[in-house]
Number of protein chains: 2
Amino acid sequence: MKKLVNDPKNVVAEAVAGFGAAHADIVRISTEPIYIVRTEAPVAGKVGLVSGGGSGHEPLHGGFVGFGMLDAAVPGAVFTSPTPDPILAATKAVDGGAGVLHIVKNYTGDVLNFETAADLAAADGIEVRSVIVNDDVAVKDSLYTAGRRGVAGTVLVEKIAGASAERGDALETVAAIAERVISGVRSMGVALTPCVVPHAGEGSFTLADDEIEIGIGIHGEPGRARIKLEPADAIVDRLLGPILEDIPFVAGDEVLLFVNGMGGTPQIELYIVFRRAAEVLAEQGIEVSRTLVGNFTTSLEMQGTSITVLKLDDELTALWDAPVQTAALRWGR
Amino acid sequence: MKKLVNDPKNVVAEAVAGFGAAHADIVRISTEPIYIVRTEAPVAGKVGLVSGGGSGHEPLHGGFVGFGMLDAAVPGAVFTSPTPDPILAATKAVDGGAGVLHIVKNYTGDVLNFETAADLAAADGIEVRSVIVNDDVAVKDSLYTAGRRGVAGTVLVEKIAGASAERGDALETVAAIAERVISGVRSMGVALTPCVVPHAGEGSFTLADDEIEIGIGIHGEPGRARIKLEPADAIVDRLLGPILEDIPFVAGDEVLLFVNGMGGTPQIELYIVFRRAAEVLAEQGIEVSRTLVGNFTTSLEMQGTSITVLKLDDELTALWDAPVQTAALRWGR
C-alpha cells in the first residue's frame, strides 16, 4: 500500500482539516465531533440539508456543502458510517427553524445512525425528514445493505433538493422533490481494480489481471458478475442495459447522463464511456439534455466507472441549472 | 494493463468525441485535424488563446476551453506533441482579428511544433505570440526538455491570461500577463506509481512497492531522487522546500496554493497534502489567499501529487477571480 498519508488513524481528521483550510470561503469545520458545515449556517427560514456516510467517496459529501446544495456533511471513518452524535450535532448546526432533511445512502449503518440522530433531534424540537437513496440497480440486498444500494445518484439528489431548499421551499416540498429524483434515478458501476482502505492496508477484494467486476458497490462489494476485461463500449452496454430496463427509460424521455469516475480512472477513459453511453441513448430515442462527467462519488483509488441516468422534467431541470457554489460543483455564482 | 478503452489507437479520437458530446454548450470539436474550440470562436476583436500538448493530462488542456480561459486546445496522441497542422488549424479557428497567444509547456516537441504553426499562421497574416511555461523546479534539462519542464502551473497561466483576453486586453498585454504568471509560478511533483500509456501497454517506468519518485515529470520522466515511502507531511516538505527557495517566496508574499492530483490519487490524500502545505506556508509568513485542489494536470492513472505556488498581486488576483466557464473550472457564471 502506497498512500499520501501520515498516521492511517488520522486520515479523515487531517483531510477534513485540509478541506476546511482550502475552502474557508465556503465551509467551516467542526473537529469534535467531525462535520463540515456551510459558512453561513444556520440560514434562518431555510430548510437545512444534511448528508454523510463513510469517508473515501470524496468529493461526496463534503465537496457538496455550500450555497444551493448541502448545509452540512458528516464524514465517518473510511467506508464506515458516522455515529449518531456528529449527525445530531450537524443537524442542530444547520437548523434555521424550517426543519432539516437528511439525505441518506441506503446502507444499513447509515440508515440506522441517521434514524437515531433524527429521533434525538426531534426530541430537541427539530423537525427532521429523511430520504433514502437507492439508485444502484446491480443487486438487491448485499453486503451492508437491505434492498438496493445508494451510489452516485446521491449527487443529483443533493443538487436538486438543495436548489429546492435554496429557493425557499418548505420541508415537505424539499423532501418530495428529493423523492422524485430518487424515483427517477438509476446507476450501475464497474471496477477494474480494488481499492485499499488506509487502516486495513490491503485491497478490499482481489481481481485477476484480466478481470473486472460488473455491478461493483462503492465499497468494493460484489456485483453481478466477474468477467474478463472487454472493450469499453461492451462494458458500457452491460451497465446501461439494466439501468434503462429498470424504470424503464423509454423513447422521448429527457435525461441527465452522469458518468462518474471511481477515483483512479483517467478522465480520458470517462469520456470514452460517455461517448458510448450517449450513443446508446440516442439510438433509443432518449434525449440527453444535461450531463455530468468526473470523479464525484469515488471509492478511494479504485479504477472503474459508474453510469447514472436521471429522468428530467422542467422543474427538475430548472433546479439542476440553479446556481450552486460548493468545492466540487459550481456554476451561476 | 486494464483500461476502459476500445482500440488503443482510437483513445484520443473517442475521448475527444465524448468530451464534445458532454460539453456541447461550451465547445465544438474538429475531428480532422483534431482540436477543441470554444462554441463562439472566433470572438471578434478578442485575443485568441490556444494551448495543447500530448493527451493523458486531462483536464489539461481541453477542459479549460471556454469563456474566460482558452479559445482552443490541441490534443496530440497520448504523451505525444500535436503536429503543426492541427495547431495551425486551431489558431485560424480562434483568430478574431486581435491576434493569437500560444501557451506552450516547455517540452522540445511542443515548442518546435507550436513554433512551426506560429510561423505558418504569420504567413497567413495572423499575429501570433508565444509564451513557454516552465514551472517545474525539480530538474534542469531532462528527457524531452531543455531547461525546466512545464507542468501544473500551466493551468494558472491559462486562467489568468484567459481573463486578460476576455476583458479585452491587446495581444501584447495578454502575453505580458502570461509572462508575469510564468515568472511567479513554481511547481514540483511526486509519483507513488507509474502510469501506462494505452498503446504501449506497460508502465512508463517502475517503482518498487516501497519506493516513490520525488520530482517526477508529468510523463513519468525521472525526478530528483527515488526514495522510500515517507509520511505525507515529510513528502510535502520535500516538494515545497525547493519551490519556495527558487524565486524565492518570502514572508509577506501573498500566494495561490494549488495541490494537483496526478490522476489516481484519492481526493482525501490531496487534502492531507494541502493541510501540510498550508501549514508550512503559514509558518513562513506567506499568506495563502487563493486555493485550488484537484486533478487538473494529470498523468493518466498515476498516483501522486504536485504542489504549485503562484505569487499574487492585486491584478493577478482579480484576473484569477474573474468569471470562467469551462468543463473543468467554472465560477461566476
Side-chain angles (χ1 to χ4, degrees), chain A residues 2-7 11-12 14-19 21-23 55-56 58-59 63 78 190 192-193 195 209-210 212 229 231-233 235 257 259 263-276 278 288 291 293-295 298 300-301 303-305 325 327-328 330-333, chain B residues 2-7 11-12 14-19 21-23 55-56 58-59 63 78 190 192-193 195 209-210 212 229 231-233 235 257 259 263-276 278 288 291 293-295 298 300-301 303-305 325 327-328 330-333:
Chain A
K2 283 196 280 190
K3 288 180 179 287
L4 292 164
V5 300
N6 296 299
D7 184 337
V11 160
V12 173
E14 290 181 3
V16 169
F19 183 82
H23 305 291
S55 292
E58 291 71 24
V78 174
V190 59
L192 278 63
T193 63
C195 55
D209 280 351
D210 60 350
I212 62 176
L229 179 65
D233 287 0
I235 295 171
L257 172 58
V259 171
T265 288
Q267 204 181 79
I268 204 168
E269 297 179 30
L270 299 183
Y271 282 109
I272 290 173
V273 167
F274 183 91
R275 173 186 161 279
R276 175 61 186 167
V288 176
T291 64
V293 182
N295 290 329
T298 62
L300 296 168
E301 72 281 3
Q303 288 184 32
T305 188
Q325 183 175 357
R330 185 167 172 181
W331 54 73
R333 53 184 269 161
Chain B
K2 284 197 279 191
K3 289 180 178 289
L4 292 165
V5 299
N6 296 299
D7 184 336
V11 160
V12 173
E14 290 181 2
V16 169
F19 183 82
H23 305 293
S55 293
E58 291 69 24
V78 174
V190 61
L192 278 62
T193 63
C195 57
D209 280 350
D210 60 349
I212 62 176
L229 179 65
D233 286 0
I235 295 170
L257 172 59
V259 172
T265 288
Q267 204 181 77
I268 204 169
E269 297 179 30
L270 299 183
Y271 282 109
I272 290 174
V273 167
F274 184 92
R275 172 185 163 280
R276 175 61 186 167
V288 176
T291 65
V293 183
N295 290 328
T298 62
L300 296 167
E301 71 281 3
Q303 289 184 32
T305 187
Q325 184 174 355
R330 184 167 173 181
W331 53 73
R333 53 185 269 158

- Set of residues satisfying side-chain hydrogen bond (donor to acceptor under 3.5 Å, both in side chains) with respect to E269(A), sequence neighbours excluded: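 Not a single residue meets the side-chain hydrogen bond (donor to acceptor under 3.5 Å, both in side chains) criterion with E269(A).
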- Do the side chains of V273(A) and I235(A) get nearer than 4.5 Å, heavy atoms only?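 Heavy-atom side-chain distance check fails, nothing below 4.5 Å.
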- Between E14(A) and R276(B), is any pair of side-chain heavy atoms under 4.5 Å apart? no
At a 4.5 Å cut-off on heavy atoms, which part of [X] comes close to chain B: side chain, backbone, both, or neither?
| X | value |
| --- | --- |
| N295(A) | side chain |
| L229(A) | side chain |
| E301(A) | both |

- Under 4.5 Å, counting heavy-atom pairs only, tell me which of T265(A), T298(A), L257(A), V11(A) racks up the most with chain B.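 Greatest number of close heavy-atom pairs with chain B: V11(A).
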- Task: Pick whichever of A22(A), A21(A), G332(A) has the most heavy-atom pairs under 4.5 Å with chain B.
- Result: A22(A)
Most contacts with chain A, counted as non-hydrogen pairs under 4.5 angstrom, among [options]:
| options | result |
| --- | --- |
| G263(B), G56(B), A327(B) | G263(B) |
| R330(B), K2(B), Q267(B), E58(B) | K2(B) |
| D209(B), V288(B), V293(B) | D209(B) |

- Query: Just by modelled atom types, is the D233(A) backbone N or O under 3.5 Å from a matching donor or acceptor in the N6(B) side chain?
  - Reply: yes
- Query: Quick one: side-chain contact (heavy atoms from CB on, under 4.5 Å) partners of A15(A), sequence neighbours excluded?
  - Reply: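 Counting only residues at least two positions away or on another chain, A15(A) forms a side-chain contact (heavy atoms from CB on, under 4.5 Å) with I268(B), Y271(B), I272(B).
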- Rounded to the nearest 0.5 Å, how far does CG of L192(A) lie from NZ of K3(B)? 9.5 Å
